[in-house]
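One structure, pasted below without further comment.
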Amino acid sequence: MLRDFLSSHKGAFKDYTELRAQINTNQRAVLVSGNMVANSQDSEGGVSARVYRGGTFGFASSATYTPEGVKNVLSAAADNAIFMDSQVKKGKPPLPDTISGNKGLVISPGLAVPQSYLIDFIQAIDAMIVKKFRNLSSRTVVANILNMEKQLVVSDGANSHFYQPRSMVYVVMTADTSDGVPVELYRPLGRLGHFNEIFTDPNLLERELDTLYESLMKKRDGIFPKAGLNKVILGPKMAGMLAHEAIGHTVEADAVLNGSVASFNLNKQVASELVSMVDYAHTYNGEPCPLPVYVDDEGIAAEDAILIKDGILTGYMHNRDTARQLNAKPQGNARAFTFSDEPLIRMRNTAIVPGVSKLEDMIASVDDGYYLVSSGNGQADQTGEFTFSVEEGYEIKNGKIGRALRETSVSGVAFDMLKTIDMVSDDMHWDISGFCGKKQPMTCGMGGPAMRCDINLGGK
Amino acid sequence: MNNVAQYALEKALKAGVNKVSVQVSNGRKDEFNIEANNFSLMRTLFEDELTLKVITNNRKGTMSINKLDKDSVDGAVEECIAMAKASAPDEAEDIAPLVKNENFSRTIGGADKQKLFSRTQEFIQELKDKYPTVSTDMQTEFNHTKAIYLNSNGVEFNDEAEWYYAQPMFSAKEGEASSSFNYYAVAADNLDKPFMDLGMLRTLIAESERSVKTRMVDDKFVGKIILTPACDDMIWYTLLWNFLDTSSMISGTSRWKDALSTLVADKKLTFSSSPLNPDMIVGERFTSDGFLSQDFDYIKDGMLNSYALNLYGANKTGKPRAANSALYNIEVAAGDTSLSEMIKGVDKGILINRFSGASPGPSGDISGVAKNSFLIENGKVTDAVSETMLSFNVVDILQNIPAISKERCVNGITVLPWFMFDGITISGK
């Protein structure tokens with residue numbers, strides 16, 4: 001656990017200052033077709049300081065987290081702030097004080113999970129796959145732990161200690177089509193918590209492996225969808241990607257200041273009135289979010305950011321600086337990935353709010369269309385134009401699920417596509433398996449229900 | 001630093017492991033950040049790293065830490081050995097033999113912080129003066145790294161390098177209309193030229209202004225595309241990750257796993273990894289396995305010449321090891337057609353500057369949206385496009401490359417020409 005070498009330096013702060021100590025540890029074991037291709041640990045820790053003066057920041061970081069190291073980064077960050085102020089001369093007043101977060105550890109760092117635990121676990125999964133499934137050309141099993149611990153003090157009073165362990169197992173299965181072309185499906189499994197408490201028994205994942213294999217066998221015989229605009233049910237696993245990529249990034253205030261589509265749509269109808277969307281800070285439906293944030297890396301006490309309410313765009317996500325520029329309240333979205341990263345505006349647990357329809361009724365309502373179950377990755381830009389891969393999908397014919405789809409992708413313009421949503425299911429699926437990329441990577445939760453909409457599909 | 005590396009190596013060997021490699025590096029980064037055309041932050045990073053690999057009884061462990069004090073190094077060596085002992089044995093695990101030790105120095109006199117600030121300021125000012133609708137976020141950097149690699153076979157490499165780097169992400173906006181964002185990276189070993197004049201940056205920024213108003217493709221057709229050097233991930237990195245790298249070869253999912261020395265592409269194509277090319281700023285000098293890096297061709301005149309296998313991958317598959325591990329320093333040989341002639345040769349197609357697509361699976365099937373891209377109609381580049389989807393199979397389209405440009409673009413990281421591909425399914429809404 002990190003020692004506190006920070007608090008004693010608070011008296012030395014002259015301008016607005018953040019001082020953060022952080023350590024990220026990453027354990028990884030990878031089996032590719034039974035071969036242990038990776039067995040690694042990374043530990044990256046240190047201290048950083050960020051100082052605001054006259055409208056710009058100075059930042060410095062060092063791996064040396066000692067009282068002397070803290071002093072050195074404070075001095076270097078202040079020098080950078082002075083250099084920038086002297087060169088840029090923005091002449092802005094100090095950042096205003098705001099509601100500071102004070103929060104101690106919610107989850108305590110446990111004992112390190114031995115690497116042998118990860119290795120044994122994935123070897124057992126791999127053995128199960130080999131024993132049960134005959135028609136695979138390749139399989140990959142990955143165990144990954146990312147532990148992030150932060151201590152923060154801020155000149156206006158914030159003081160927090162944060163620990164977040166993310167434990168994941170990823171399984172990829174590959175099979176060849178009848179004409180020898182490999183197709184694959186993958187499944188991320190895991191959540192917040194210590195690996196050895198979440199993954200207690202490899203046999204408990206058997207059902208997940210069965211469904212993954214069954215889906216892959218269908219995909220092996222899959223078809224390409226019709227390219228163009230189609231009636232589609234986006235499954236709950238796809239909704240989080242939509243919320244994060246297509247909408248979420250456009251309502252980050254730095255994107256807004258760069259002219260994103262959201263910049264001129266505040267308080268306007270951007271979606272069907274069935275659509276509401278929230279960036280949850282730490283609690284959903286009375287339960288902790290998948291990756292809760294209580295205090296951000298600018299020391300703001302985190303609260304939910306209501307982004308879309310009944311189809312109306314109601315707000316953006318901010319850091320202290322953009323909140324002042326756009327006359328809004330910062331709600332705890334400034335986060336940094338490693339000790340040497342400066343806080344950027346990031347999503348936390350971004351989700352479309354569930355509706356009232358039943359998924360089976362939604363599928364039954366489509367005469368000719370597609371049910372898109374899961375996505376591998378996605379991209380969007382500030383116009384709201386997005387693309388997501390479709391890992392698993394099926395055609396719908398006369399209200400019934402038909403043949404599986406080969407790899408494809410969907411695209412559209414978010415604020416157009418959202419207006420076509422006419423059914424929203426009562427499901428909620430959360431996903432924390434990936435990383436959001438924006439200068440730095442970041443862990444994020446994303447979630448949502450199933451939605452019926454019109455969307456553009458790649459295909460033939 | 002040398003003492004730390006030597007200490008870690010000897011400690012691991014004394015503990016009884018069979019093979020060890022250690023890389024220790026430290027460095028400094030000075031970085032200016034721009035948000036929406038305004039300076040926002042200056043960042044200075046002091047960086048240390050130790051990466052240790054041990055092999056004991058054919059079992060491997062890898063450990064990386066960013067502390068170089070004795071306690072941290074002791075802990076890393078002990079943990080790495082414990083990890084290796086817990087791993088599965090594999091005879092393919094190895095380290096490089098001693099062939100020739102070398103020292104490399106590519107320093108440029110340290111950071112000129114004031115000039116880096118001035119070049120950054122000049123870039124922003126030129127945007128405001130000449131491209132007033134364009135807004136950018138940007139980072140400009142000076143980097144200094146010093147590294148030593150040692151292994152228990154006696155291999156020792158030292159490398160010290162310095163370079164500048166800039167990466168703007170930009171878009172243009174007029175009223176409520178805006179272009180898609182685009183981004184582009186350049187690297188340089190001096191600040192003699194404005195950033196705007198490096199690689200394709202000026203062209204891409206000018207095209208961003210032209211992309212505010214777009215047209216949708218209103219039908220579906222199979223046609224040609226011209227891929228600019230800025231769009232380097234659509235084809236080249238897809239080939240690396242899905243057909244050439246160690247993981248795809250060991251898993252057996254590479255569609256080219258048995259294609260060495262056979263034609264896999266049009267004979268016009270020579271696709272290389274060239275970290276020693278002087279146009280590549282700070283190209284790799286030694287591999288992560290401990291071999292001296294050399295340039296090589298993945299594909300030579302259409303024939304598959306090498307995979308991107310590391311030492312483990314080579315031992316595992318029985319195929320030759322790649323002559324470097326610098327997957328990013330890619331180069332494609334120039335063709336014999338001028339870019340203007342290539343454009344004239346397209347009746348209906350698209351000029352692609354950026355492709356936003358799903359990561360392709362091992363099948364090579366790819367679909368995604370053309371971004372910052374333009375229609376080509378009757379041999380002329382016309383309107384920018386939006387909501388235009390491309391679908392193709394990367395293996396299939398390499399078989400017939402109608403043209404590769406005489407011109408090539410150098411940005412300090414890659415050296416690439418323009419390409420024409422055919423047989424692309426292009427669909428609008």
Query raised in the report: Are B:R43 and A:D341 close enough for a salt bridge, meaning some N to O gap below 4.0 Å?
Result: yes

- [ ] For side chain to side chain donor-acceptor pair (under 3.5 Å), just list the numbers for A:S409 and B:S367, CA-CA rounded to whole Å, side-chain angles, deciding distance to a tenth of an Å, and then say yes or no.
- [x] CA-CA 6 Å; A:S409 58; B:S367 61; 2.6 Å; yes

Okay, A:V172 and chain B: the region with an atom under 4.5 Å from a heavy atom over there is neither

- Could you check if a side-chain atom of A:M36 sits within less than 4.5 angstrom of a side-chain atom of B:R59, using non-hydrogen atoms only? no

Legend entry - Any side-chain heavy-atom pair of B:F181 and A:H249 under 4.5 Å: no

Okay, B:E49 and chain A: the region with an atom under 4.5 Å from a heavy atom over there is neither

Under 4.5 Å to a heavy atom of chain A? For B:Y312 that would be side chain

Turns out that what part of B:F117 lies under 4.5 Å from chain A's heavy atoms comes down to side chain

Counting N and O atoms only, with roles assigned by atom type, does the side chain of A:S116 sit under 3.5 Å from a partner on the main chain of B:A86, one being a donor and the other an acceptor? no

Side chain A:S61, main chain B:L45, donor-acceptor under 3.5 Å: no

Honestly, the part of A:R139 sitting under 4.5 Å from a heavy atom of chain B is neither

Honestly, the part of B:E47 sitting under 4.5 Å from a heavy atom of chain A is neither

**Q.** Check: A:G45 main-chain N/O paired with B:N66 side-chain donor or acceptor under 3.5 Å
**A.** yes

Quick check against the 3.5 Å criterion: does B:K316 have a side-chain atom that pairs as donor or acceptor with the backbone of A:N35? no

Cut-off 4.5 Å, heavy atoms of chain B, and the answer for A:A81 is neither

So, the part of A:R50 with a heavy atom under 4.5 Å from chain B: the answer is side chain

Under 4.5 Å to a heavy atom of chain B? For A:Y52 that would be neither

Checklist entry - Going by heavy atoms in the side chains, are A:Q87 and B:F39 under 4.5 Å from each other? => result no

Counting heavy-atom pairs under 4.5 Å with chain A, the top scorer among B:S251, B:S179, B:S135 is B:S251

Honestly, the part of B:E35 sitting under 4.5 Å from a heavy atom of chain A is neither

- Hey, mind stepping through B:E387 and A:S411 against side chain to side chain donor-acceptor pair (under 3.5 Å) and telling me if it holds? CA-CA 7 Å; B:E387 296 191 71; A:S411 68; over 6 Å; no

**Study point:** B:D137 and A:K438: CA distance, side-chain angles, deciding distance, salt bridge (Lys or Arg N to Asp or Glu O under 4.0 Å) verdict
**Key:** CA-CA 11 Å; B:D137 287 352; A:K438 179 182 174 182; over 6 Å; no

Separation between CD (A:Q382) and OG (B:S178), nearest 0.5 Å, reads 4.5 Å

When the 4.5 angstrom heavy-atom criterion is applied to A:T177 and chain B, the contacting part is neither

The interface call for B:T388 against chain A, heavy-atom contacts under 4.5 Å, is backbone

So, the part of B:A172 with a heavy atom under 4.5 Å from chain A: the answer is neither

With chain B, the option among A:N258, A:I119, A:V181 that has the most non-hydrogen atom pairs under 4.5 Å is A:N258

Bottom line for B:K85: the part with an atom under 4.5 Å from chain A's heavy atoms is neither

Only residue of B:S180, B:S171, B:S356 satisfying side chain to side chain donor-acceptor pair (under 3.5 Å) with A:D381 is B:S180

Value for SG (B:C80) from CD (A:Q115), rounded to nearest 0.5 Å, stands at 9.5 Å

Honestly, the part of A:Q123 sitting under 4.5 Å from a heavy atom of chain B is side chain

Q) Are the side chain of B:K60 and the backbone N or O of A:N39 linked by a donor-acceptor pair below 3.5 Å? A) no

So, the part of B:R354 with a heavy atom under 4.5 Å from chain A: the answer is side chain

Whatever's closer than 4.5 Å to a heavy atom in chain A on B:F170 counts as neither

Bottom line for B:E31: the part with an atom under 4.5 Å from chain A's heavy atoms is side chain

- Is there side-chain contact between A:S138 and B:T253, with heavy atoms separated by less than 4.5 Å? yes

Turns out that what part of B:T246 lies under 4.5 Å from chain A's heavy atoms comes down to neither

